[in-house]
Amino acid sequence: MSVELRPGLIHHPGFLDEAARIRLAGEVSAILAAAPPFTPRMPRTGKPFSVRMGGAGPLCWVSDEAGYRYQPHHPVTGEPWPPIPPTALAAWDQLAPGAPPPEACLINLYGPEARMGLHQDRDEEDFDAPVLSLSLGAAALFRYGGLSRSDPTRSVRLMSGDAVVIGGPSRLAFHGIDRIYREPDLLAQDPLPSLLPPGGRCNLTLRRVTRAHAVT
DNA sequence: AAGTAACA
DNA sequence: AGGC
């Protein structure tokens, strides 16, 4: 079951079943143990994000005073990023059929107070492949708009196990996270990656960064 | 610049 | 501009 929120922006509620959520949480925990979460900072001002980030893949996105960029090594340890978790790769194969393999798996870690301001994913060279988002843990209010910051926006609640595909005419659509929901009754429903605050949310975003080479 | 403040 |  899927819902087209706007052309090219597809919500797949409950895409990951319980077994897949548990498996993915374990894979993410192993990644974060090897490549610890870091706090990204705003370009120029150095203002820290409220979201902490981990990463996997040949390239991953980082942000600091010098700007936004993709780089092959962890910004603190200098080590290469761990491989993208297999459960996330399987979701890419299913939800982004025909796209070249993802190179970046950004792991956004939200505490109950974390937010992500409205933004575009535009630091990639390849805008043909979609961005794939996978949610674990606490529910969140996702807001999406159009290709201009001033375009009207709508909101939808994302739950643990949901997938969102941001592609086609919505590949550069503005989007963000306005709030994390606290749901005491459901706190124990899902195991979450270690190093995540209680009541938190973990979101994986998979992206193709470089242009795929033509096959000869 | 994925940040925030102020507002109805 | 939407959420709170």
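Quick note on labels: first sequence line is chain A, next is B, and so on, each numbered from 1.
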- With a 4.0 Å cut-off on heavy atoms, is T153(A) in touch with a base, just the backbone sugar-phosphate, or nothing at all? sugar-phosphate
- Pairs flagged by salt bridge (Lys or Arg N to Asp or Glu O under 4.0 Å) wherever residues 58-80 of chain A is involved - sequence neighbours left out: R41(A)-E65(A), D64(A)-R69(A)
- Note on the structure: For W92(A), the ring-ring contact (aromatic ring centres under 6.0 Å, His included) test, sequence neighbours excluded, returns none
- Listed once per pair and sorted, the salt bridge (Lys or Arg N to Asp or Glu O under 4.0 Å) pairs that draw on residues 105-122 of chain A, sequence neighbours left out: D121(A)-R207(A)
- Heavy atoms under 4.0 Å is the rule here; annotate nucleotides 2-8 of chain B 5' to 3' with B where the base is hit, S where only the sugar-phosphate is, and - elsewhere. BBS----
- Task: For residues 94-106 of chain A, pull every pair meeting side-chain hydrogen bond (donor to acceptor under 3.5 Å, both in side chains), keeping only residues two or more places apart or in separate chains.
- Result: E103(A)-R208(A), E103(A)-T210(A)
- Pairing residues for F38(A) by the ring-ring contact (aromatic ring centres under 6.0 Å, His included) criterion, not counting sequence neighbours: H74(A)
- Task: Give the rounded distance in Å between these two atoms: CZ of F142(A) and C1' of dA1(C).
- Result: 15 Å
- Atom CG of D178(A) to atom C1' of dA1(C): distance rounded to whole Å? 10 Å
